[in-house]
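Proteins get letters first, then strands, A, B, ... in listed order; numbering begins at 1 in each.
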2 protein chains.
Amino acid sequence: MLNYSTSEENYIKAIYHLQKEGSVTTNELAAELQTRPASVTDMMKKLRTKKLVHYEAYKGFKLTIDGKKLALLIIRRHRLWEFFLAEKLKFSWDEVHAVAEDLEHVSSKKLIDKLDEFLGFPRYDPHGDPIPDANGKIETGKQVCLPDLPLNTTGIVCYVSDQSSAMLELLSHKKIGIGTKLEVKKKFSFDQSLEIKLRQQLATNISGDLAKNIFVKYDE
Amino acid sequence: MLNYSTSEENYIKAIYHLQKEGSVTTNELAAELQTRPASVTDMMKKLRTKKLVHYEAYKGFKLTIDGKKLALLIIRRHRLWEFFLAEKLKFSWDEVHAVAEDLEHVSSKKLIDKLDEFLGFPRYDPHGDPIPDANGKIETGKQVCLPDLPLNTTGIVCYVSDQSSAMLELLSHKKIGIGTKLEVKKKFSFDQSLEIKLRQQLATNISGDLAKNIFVKYDE
DNA sequence: TCTTTGTTTTAGATTTGTCTAAAAAATATT
DNA sequence: AATATTTTTTAGACAAATCTAAAACAAAGA
Ligand SMILES: [Mn+2]
Ligand SMILES: [Mn+2]
Ligand SMILES: [Mn+2]
Ligand SMILES: [Mn+2]
């Protein structure tokens, strides 16, 4: 794998995040990167000659296969460092991103693979986003705690942070367990309680305290 | 503390290493950094306006108080990362330097101080060089294993890596312990054995196997 | 002291990544 | 369809860090 500049890497990563499907426009990318449209055009020409983006004037751009591979490598670095900062250095969730933004550009393959191993091959970063593996494979979907699941979106329960018997008793009574599919129908700001609907069942209410401890996976 | 470019930091660190005492010349620094004398002159003018070096045309240069502080901060980052790579990620001694050369430029103060804490405030990097503390204080001298102690230089035993009873028996017989002052008089390449001299005693011989496990501190 | 040699600095060019202002193209409105 | 608006690209400039070639300076030798 060739070596790319910090600037090139930031562009590639930003395009990846913007191109859910279809292509990305000059203004979108300029806004994302806090730069000027003219700078974006310049960089797209460069990334085209390096075969990292498909680009024709006035027609937007998207990553090539190689571009996507590079993006996933940078995201892998970014999220592993975020995990390291939160887990080992006890940074809080909102502090990890800025530092990882710099660390992600240190490009030693061995460093990242050894770091991955040292961390125990974590699957999610501190924000619940999946971490690509050494081959660039990434799990689709996102892991969040229940209050952060968008309304009317199906989520699958994948983890419960509080495993006390009191908690498990409540869960089994509500018929919620690992693998349960559910949707959040309403969020009440007064007490953070949620109205949720389980597959083939009536809606039920759960407290904010309970919801905070339930983690779900969903497709973005 | 202001922020400096990777290039500026590499220059500052190189000057620190070259100016044991007295001042550094253009050609020396160009050789150290694998660059051209003209580039060095350009950079010296820039670092002078930033008050990091004392510099007058044709008269060499040395770090100001602020320049020295910055150098020690970069060296602190470098050596902490080296320790992390060797200790936690199981890199070998000869692999850590190149990666640390990049990591040292990530400038978050909190990152480095938390890393220091996570590592247990190590005092020496994997090459035996002392690590400056959070205030930039650095221990003078260097820690190496006995075969690496320069000939006829007084070293003080500060650590023994093999602490088996067989080993300690041999050491006490030779009257070598923590704090013992000694000099290496001769190195025999045939079997790596050494002829050493202890303070106020006759010279004695020790095997390569023993010598490898004895660490000494000395002034450069 | 004068001259030769080696070192250091200057002058001017290059690359990378950015910017502003103006022109060109695409899109939306009447 | 013609015109107005928005988006994108081009043209030209700039700062950072580097280079080569030439000029200026310092040190050493005759
Ligand atoms: Mn970044
Ligand atoms: Mn994240
Ligand atoms: Mn470096
Ligand atoms: Mn070292």
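Aromatic ring pairs are classed by plane angle as parallel below 30°, tilted from 30° to 60° and perpendicular above 60°; the pair B/Phe118 and A/Phe118 is perpendicular. Using a 30° and 60° split on the angle between ring planes, A/Phe215 and A/Tyr159 fall in the tilted class, from 30° to 60°.
The shortest distance between the side-chain N/O atoms of A/Lys45 and the OP1/OP2 oxygens of D/dT9 is not below 4.0 Å. Of the side-chain N and O atoms in A/Thr26, one or more sit less than 4.0 angstrom from OP1 or OP2 of D/dT9. Between B/Ser39 and D/dT18 there is no side-chain polar atom (N or O) within less than 4.0 angstrom of OP1 or OP2. Contact annotation: B/Tyr4 does not reach the phosphate of D/dA16 (side-chain N/O to OP1 or OP2, under 4.0 Å). Applying the 4.0 Å criterion to OP1 and OP2 of C/dC19, one finds that A/Thr35 has a side-chain N or O inside that range. Between A/Ser7 and C/dT16 there is no side-chain N or O to OP1 or OP2 distance below 4.0 Å.
Of the candidates C/dT20, D/dT8, D/dT9, C/dT20 carries the atom nearest the A/Arg36 side chain, counting heavy atoms from C-beta on. Of the listed nucleotides (D/dT10, C/dT18, D/dA21), D/dT10 has the atom at the smallest distance from the side chain of A/Ala38.
In this structure, A/Tyr58 places its OH atom 13 Å from P of C/dA23, rounding to the nearest Å. The distance between atom CG of B/Asn27 and atom C1' of D/dA26, rounded to the nearest whole Å, is 13 Å. Atoms NZ (A/Lys59) and P (C/dA25) sit 13 Å apart, rounded to a whole Å. Whole-Å rounding puts the B/Glu56 CD to D/dC25 C1' distance at 14 Å. Summarising the geometry, the separation between CG on A/Leu47 and P on C/dT16 is reported as 13 Å, rounded to the nearest angstrom. Going from atom CG of A/Leu29 over to atom C1' of D/dT8 covers 13 Å, rounded to whole Å. In this structure, B/Lys50 atom NZ and D/dA15 atom P are separated by 14 Å, rounded to whole Å. Between B/Tyr55 atom OH and C/dT10 atom P there is a gap of 6 Å when expressed in whole angstrom units.
Using modelled atom types, one finds a donor on one side chain and an acceptor on the other under 3.5 Å when comparing B/Ser193 with B/Asp191.
The aromatic ring centres of A/Phe84 and B/Phe84 sit less than 6.0 Å apart.
Among the heavy atoms of the strands, none lies under 4.0 Å from A/Phe61.
The existence of a salt bridge linking B/Glu104 and B/Lys13 is confirmed by a sub-4.0 Å separation between a basic side-chain nitrogen and an acidic carboxylate oxygen.
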